[in-house]
Amino acid sequence: MPVEQDSGARLAMERRTIEVIPDAERHGTPRSQFTLWFGANMQITAIVDGALAVVFGADALWAIPALLVGNVLGGIVMALHSAQGPRLGVPQMISSRAQFGVYGAVLPLLLVILMYLGFAATGSVLAGQAVCEMLHIDNTNVGILIFGALTAVIAVTGYRLIHLAGRVATVIGVLGLGYLVIRLFTQYDVGAHVGDKGFDAATFLLAVGLGAGWQLTFGPYVADYSRYLPRETSDRATFWSTFCGSVIGSQIAMTLGALTAAVAGKAFLPDQVGFLGDLAGPAFLAFLIYLVIVVGKLTVNCLNAYGGFMSILTIVTAFDGRSRISSAARAAYIVGFTAVSVAIAMAASADFLDNFKNFVLMLLMVFTPWSAINLVDYYVISRERVDIPALYDPHGRYGRWNVTALTCYVVGVGVQIPFLATKLYTGPITEELDGADVSWIVGLAFTSVVYYLWARRTANPPAETIRPAEPQPDAPAPVPTSASA
C-alpha cells in the first residue's frame, strides 16, 4: 500500500531516477496529472504556437477549430502514454526498451534530448524577456540566466516541487490568460479581424499539425509524472486527467494566440512578450502578466530539464547497467543540461517564429513513428504485459536491439518525407496538395500498420507482467531479553 507522506517530506529532494517506483512510495491521485499538464500548457509558447497558424496564413475563424482537432488527436496519443505510468512505475523512455531493446532505445532518445534542448531554449528566450521586463533589465541574456537558475533549482528538487509548480501555474494561468482575453476583446474589435478569409485546406492542416505536434512532443516523458501514482490507479482516470489537462490548457492558450495574431498583425511578430505586456494595460498589471509568463514557462521548462536528465541517464545506464545514481550526479546532470539550453537560448536567432514553426513540424516527423510503435506494442501486441526487470537487462527478454521496431521507426520517418512542408524542404506530394502537410498522419498510420503486422509474429511478451521484488523494510531491532540484558 502507498504510504502517506508527511508535510516535511513533500518538497524533499527526489531520490528516485530511472528505477521502478516501489509500491510503498506511490502516492497521489490522477487529479495531479490534470493540474500539472493544464499548468504546463497555459503558457506563452503555446500562445505563440496558436499564433503561428494565423501568422502563416490561416484565418483565426478556421485556425481555432483546426488547433482543437490537432490538440485532441495528439492529446489522445499523449494521454495513452501517460496511462502506462501507474501500471509500470518506470519512466516513459525506459518502457520503450520493451519495443526497441535496451540499446536500441538510444536512437529515439538522442532525438528526444534534442527536442528537450530546443523547447527549453525557445522557452528560455521568451521567459528571459519577461524577466527583463519585470526587473527593468535591458540585456535579455541576464533574464535568460536568471530563468535558467530557477529552472535548475526546481528540476533538481524533482517530482514533488514540479507538481507544485504545475498547481500554481494552473491558478495563475487561468487568472492571467483570462484577463488577457478580456483585454483583447475590450481593446480591439476582434470580430472585424476574423472571418475575412475563406477555408484553405493547406493552412487548416498546418494548424492541425501545430496542435498535434504540440501534444505529441509530450509523449516521450508524460509517464515520468504518472509513474508515482499507486499501481491500482485506473488507466481510464489517468488517461482522462492527463488528456483534459493538456488539451484544455493548450487550446485556451492557442486560441488566445490565434486571436492576438489576428488583431495585432505585424505588431505581434517582433516582440510577443512585450505585446502581451502592453495589452495588459497599466504597469502594475503588465508586471503581473510578465509574472504569469515566467511561472507558466517555469513549469514546462522544468519538465524539459527533468526529462532531458532522465533521457541522458537512460542512455548512459543502458551501457553501464546501473539503475540508480547519486544525488550529486543527478544534480550535475540537470544543471549541465540547463546550462546547455541557456547557452542555446542566448545564441538564438532573431527569426523566432519561423524557426519555431519548422522546429515543431520536424519534431512531429520523428516522434510520430515512435509513439505509434510504443502504443501498438503496449496496448495491442503485448496487451499491457511487460517484463519490467528485463527493461534493465540487455541480456534479458528484450535484448540489446529490436530489429523490427528500429526498422519500422526508420521507415516510418522516411515515408513522411514526400509529405513534408517545411522551410528546409517541401515534398513533391505536398506540392500536389497545395502545400498541405499531412506527413504526421501518414507516419502514424503507416508505422502502426507495418509494426503490427511484423511484431505480432516476432514479439515475445510475458504471459503476465513480471515485476521486480519489492524492497523489504528494515527489520526492527530485536527486543532485549532478560538473558541478553
Side-chain angles (χ1 to χ4, degrees), residues 18 70 73-85 88 90-119 209 212-226 242 246 303-304 307-308 310-312 314-315 318 359-382 386 391 398 400-417 419-420 439-455 458-459:
I18 62 168
L73 294 177
I76 291 171
V77 175
M78 176 260 203
L80 285 170
H81 288 301
S82 179
Q84 299 175 25
L88 301 179
V90 300
Q92 188 71 68
M93 295 309 292
I94 288 289
S95 71
S96 74
R97 290 175 174 177
Q99 294 85 49
F100 292 90
V102 176
Y103 295 169
V106 169
L107 174 61
L109 269 169
L110 292 172
L111 297 172
V112 168
I113 292 170
L114 291 176
M115 175 196 75
Y116 289 136
L117 283 172
F119 269 115
W214 180 267
Q215 296 293 337
L216 288 171
T217 53
F218 290 130
Y221 63 67
V222 61
D224 296 6
Y225 303 96
S226 60
T242 305
S246 191
L303 299 183
N304 291 323
M310 296 284 274
S311 296
I312 294 170
T314 301
I315 291 175
F359 176 68
V360 171
L361 293 178
M362 290 300 291
L363 288 176
L364 194 57
M365 180 182 75
V366 298
F367 288 121
T368 296
W370 175 84
S371 281
I373 291 169
N374 178 268
L375 296 180
V376 169
D377 184 85
Y378 182 77
Y379 288 106
V380 181
I381 302 294
S382 298
V386 178
L391 297 174
Y398 303 116
R400 294 178 174 85
W401 313 90
N402 186 314
V403 174
T404 300
L406 289 167
T407 303
C408 289
Y409 177 75
V410 173
V411 174
V413 172
V415 77
Q416 298 176 71
I417 293 176
F419 298 89
L420 286 177
S439 58
W440 67 278
I441 301 174
V442 173
L444 188 65
F446 179 87
T447 309
S448 297
V449 172
V450 172
Y451 181 77
Y452 170 74
L453 294 175
W454 192 350
T458 60

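Predicted model, so just to flag it, every value in this text is computed and none were measured.
In this structure the side chain of M78 reaches within 4.5 angstrom of the side chain of F218, judged on heavy atoms. Residues V411 and V450 have side chains not in contact (no heavy-atom distance under 4.5 Å, counting atoms from C-beta outward). For the pair Q99/N402, no side-chain contact is recorded, criterion being any heavy-atom separation below 4.5 Å from C-beta on. Annotation: side chain of L111 is not in contact with side chain of P108 (no heavy-atom distance under 4.5 Å). Two residues are said to be in side-chain contact when any heavy atoms from C-beta on lie closer than 4.5 Å; L391 and V102 fail this criterion. No side-chain heavy atom of T242 sits less than 4.5 Å from a side-chain heavy atom of Y225. Looking at heavy atoms from C-beta onward, W454 lies in side-chain contact with C408 at the 4.5 angstrom threshold. Residues Q84 and L375 form a side-chain contact, since some pair of their non-hydrogen atoms from C-beta on lies under 4.5 Å apart.
Across A83 and Y379, no two heavy atoms sit closer than the pair CB-OH, 3.5 Å. The shortest heavy-atom contact between V90 and I94 is CB-CG2, 4.1 Å. Residue L88 comes nearest to S95 through the heavy atom pair CD1-CB, 3.9 Å, listed as atom of the first residue, atom of the second, then distance. Contact record, G219 with H81: CA-CD2, 3.8 Å, taken as the closest heavy-atom pair. R97 and A105 make their closest contact through CG-CB, 3.9 Å (heavy atoms, listed as atom of the first residue, atom of the second, distance). The shortest heavy-atom contact between S226 and G85 is OG-CA, 3.3 Å.
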| Is there a side-chain contact (heavy atoms from CB on, under 4.5 Å) between L73 and V77 once you walk through the steps? | CA-CA 7 Å; L73 294 177; V77 175; over 6 Å; no
| field | Worked check of ring pair (Phe, Tyr, Trp, His ring centres under 6.0 Å) between Y451 and Y409 | value | CA-CA 9 Å; Y451 181 77; Y409 177 75; over 10 Å; no
| query | Could you go step by step and tell me if M310 and Y116 meet the side-chain contact (heavy atoms from CB on, under 4.5 Å) rule? | reply | CA-CA 11 Å; M310 296 284 274; Y116 289 136; over 6 Å; no
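A distance of 16.0 Å separates CZ in F367 from CH2 in W440, rounded to the nearest 0.5 Å. Between atom OG1 of residue T314 and atom CD1 of residue I113 there is a gap of 8.5 Å, rounded to the nearest 0.5 Å. N374 contributes atom CG, which lies 9.5 Å from atom CG of L80 (distance to the nearest 0.5 angstrom). With rounding to the nearest 0.5 Å, the separation of OG in S382 from CG in D377 is 4.0 Å. Between L117 atom CG and N304 atom CG the span is 9.0 Å, to the nearest 0.5 Å. Rounding to the nearest 0.5 angstrom, the gap separating the CG atom in L110 from the CD1 atom in I315 is 4.5 Å.
Checked against the 6.0 Å centroid criterion, the rings of F100 and Y398 do not qualify as a close aromatic pair.
For Q416 and T368, the side-chain atoms include no donor-acceptor pair closer than 3.5 Å. At a cut-off of 3.5 Å, with distance as the only test, no side-chain donor of D224 or Q92 sits close to an acceptor on the other residue.
Checking side-chain atoms of T217 against main-chain N and O of W214 turns up a donor-acceptor pair under 3.5 Å. With hydrogens and angles disregarded, a donor-acceptor distance shorter than 3.5 Å links the side chain of S311 to the backbone of G307.
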